[in-house]
Amino acid sequence: MTVLDELTSAGRGGAGAAAEPATAADRRRTRPGLLVAPALILLLAFFVYPVLTMVWRSLTDPTPGLGNFIWFFTEPANLRVLARTFTTSLWVTVIALLLSYPYAYAMTAVGRRGKAVLTLLVLVPFWTSLMVRTFAWQVLLQDTGVVNRLLGLVGLGPLALIRTETGVIIGMTQVLMPFLVLPLYAVMSGIDLRLVRAALGLGARPLIAFTRVYLPLSMPGVVAGTLMVFILSLGFYITPALLGSPTDALISQQIFTQVSGLLRWGRGGAMGVVLLVTTLVLVGLVALALRHTPGRRAGDAP
């Protein structure tokens with residue numbers, strides 16, 4: 001074998017060795033894409049496609065144009081329903097936060113057995129049908145139900161709770177509380193309580209230590225939970241339909257009436273598009289406000 005043959009074979013061996021790691025690296029790069037592909041397919045099939053269909057129908061049914069949106073914004077009843085939907089969702093979110101925050105804190109403060117019991121009470125609603133829970137609230141909130149009897153014993157009842165906005169808020173709050181308790185608990189369980197004790201040791205009052213130390217550390221859970229509850233409550237249908245009245249209908253009930261009762265898919269799609277866009281705008285404004293909230297970042301110097 002000549003020197004030229006040896007150099008040629010060495011060059012081929014070096015190129016093959018270099019090509020093999022490159023091929024392995026390419027394979028590693030394509031693996032994450034293959035792992036994400038099923039989720040993307042499901043997202044496109046069950047979210048993107050229905051939303052695009054709703055938008056298309058709102059612009060083309062029964063005739064192409066903006067007639068469905070003009071109808072929505074020129075009809076005062078539609079605007080009242082939209083405002084009532086957001087007001088009810090806001091009330092549900094605020095009440096759920098007031099009830100969930102101390103509950104989640106109790107989950108981090110009690111022992112192992114107490115935590116197991118409190119966690120079980122949070123998870124039980126997930127194992128019960130939404131329809132069953134709503135029918136149970138129908139029984140409890142009747143004029144002669146358990147709630148009104150208890151209120152009557154303390155001189156506060158009977159109150160009109162069924163077929164009212166109050167009953168809808170009570171039922172929706174109970175259904176959505178777990179979606180707020182769990183994010184709060186996930187964040188609170190990671191807070192170092194020695195920081196609060198250090199603030200108390202330095203002379204801060206308990207309220208000051210809570211508002212200046214503990215509350216800011218728990219805000220990620222508050223924001224995540226409240227956004228989840230607020231967005232979920234905007235699309236509630238079963239609970240308002242069973243516990244509310246036609247005069248206090250939310251936009252989900254109006255969409256169902258337009259689509260299923262009147263077969264006006266374009267108007268129902270327009271109402272859905274308006275609800276979706278309004279929700280996205282509000283969430284964007286909240287995110288923008290949180291981004292510009294004055295505060296020191298974790299990496300800033302003291």
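Values in this document were obtained by computation on a predicted structure and should not be read as measured data.
Under the 4.5 Å side-chain heavy-atom criterion for Ile, Leu, Val, Met, Phe, Trp and Tyr, Leu121 and Val124 are members of the same hydrophobic cluster. Residues Val48 and Val51 fall within the same hydrophobic cluster, defined by Ile, Leu, Val, Met, Phe, Trp and Tyr side chains chained together at heavy-atom separations under 4.5 Å. Put simply, Phe86 and Leu227 are part of two different groups of oily side chains (I, L, V, M, F, W, Y) that touch within less than 4.5 Å, one to the next. By the rule that hydrophobic residues join a cluster once side-chain heavy atoms approach within less than 4.5 Å of another member, Leu207 and Leu193 end up as members of separate clusters. Val283 and Ile251 are assigned to two separate hydrophobic clusters, defined by single-linkage of ILVMFWY side chains at heavy-atom distances under 4.5 Å.
Applying the ring pair (Phe, Tyr, Trp, His ring centres under 6.0 Å) test to every pair with at least one member in residues 253-285, sequence neighbours left out, gives these pairs: Tyr237-Phe256.
The CD atom of Gln258 sits 4.0 Å away from atom CH2 of Trp71, with the distance rounded to the nearest 0.5 Å. In this structure, the separation between CG on Leu250 and OG1 on Thr239 is 10.0 Å, given to the nearest 0.5 Å. Note that CD1 of Ile238 is 10.0 Å distant from OG of Ser252, once rounded to the nearest 0.5 Å. Atom CG of Leu242 is separated from atom CZ of Arg163 by 7.0 Å, given to the nearest 0.5 angstrom. Expressed to the nearest 0.5 Å, how far CD1 of Ile169 lies from OG1 of Thr88 amounts to 5.5 Å. If you take CZ on Arg264 and OG1 on Thr257, they are separated by 11.5 Å, rounding to the nearest 0.5 Å.
Within 6.0 Å of CZ on Phe46 lie no more than 12 heavy atoms contributed by other residues, nucleotides or ligands.
Ring geometry for Tyr214 versus Tyr105: interplanar angle over 60°, hence perpendicular rather than tilted (30 to 60°).
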Please lay out, stage by stage, how Phe210 and Val196 fare under the test side chain to side chain contact (heavy atoms under 4.5 Å, CB included).
-> CA-CA 7 Å; Phe210 171 77; Val196 180; over 6 Å; no

Decide side chain to side chain contact (heavy atoms under 4.5 Å, CB included) for Ser245 and Thr164; before the verdict, give the C-alpha distance in whole Å, the side-chain angles of both, and the deciding distance to 0.1 Å.
-> CA-CA 6 Å; Ser245 66; Thr164 62; over 6 Å; no

Given side chain to side chain contact (heavy atoms under 4.5 Å, CB included), test Met228 with Leu180 step by step and report yes or no.
-> CA-CA 8 Å; Met228 188 182 303; Leu180 189 47; over 6 Å; no

Derivation and outcome, ring-ring contact (aromatic ring centres under 6.0 Å, His included), residues Phe230 and Phe179 = CA-CA 10 Å; Phe230 182 76; Phe179 294 97; over 10 Å; no

Test side chain to side chain contact (heavy atoms under 4.5 Å, CB included) on Tyr185 and Thr119 and set out the steps.
-> CA-CA 10 Å; Tyr185 170 71; Thr119 305; 5.5 Å; no

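Here the side chains of Asp143 and Pro158 are not in contact, with every heavy-atom distance at 4.5 Å or above. In this structure, the side chains of Phe72 and Arg267 stay at 4.5 Å or more apart for every pair of heavy atoms. For the pair Leu275 and Thr279, the minimum side-chain heavy-atom distance is below 4.5 Å. Two residues are said to be in side-chain contact when any heavy atoms from C-beta on lie closer than 4.5 Å; Leu153 and Leu150 meet this criterion. Looking at Arg113 and Val117, their side chains never come closer than 4.5 Å, going by heavy atoms from C-beta outward. Residues Phe73 and Asn78 have side chains not in contact (no heavy-atom distance under 4.5 Å, counting atoms from C-beta outward). In this structure, Leu120 and Trp127 have side chains that are in contact, with non-hydrogen atoms separated by less than 4.5 Å.
Taking every heavy atom of both residues into account, Ile70 and Thr74 meet most closely at O-OG1, 2.5 Å. Closest non-hydrogen pair, Pro50 versus Ala45, comes out as CD-O, 3.5 Å. The two residues Leu200 and Ala204 make their nearest non-hydrogen contact at CD2-O, 3.4 Å. When all heavy atoms of Ala104 and Leu184 are compared, the closest pair comes out as CB-CB, 3.6 Å. Pairing each heavy atom of Val92 with each of Val229, the nearest pair is CG1-CG1, 4.3 Å. When every heavy atom of Asn68 is checked against every heavy atom of Asp61, the shortest pair comes out as ND2-O, 2.7 Å.
Checked by atom type and distance alone, the side chain of Ser189 pairs as donor or acceptor with a backbone atom of Ala186 at under 3.5 Å. Between the Gln142 side chain and the Gln138 main chain, a donor and an acceptor come within less than 3.5 Å of each other.
Side-chain contact, Tyr101 with Ser218: a donor N or O sits under 3.5 Å from an acceptor N or O.
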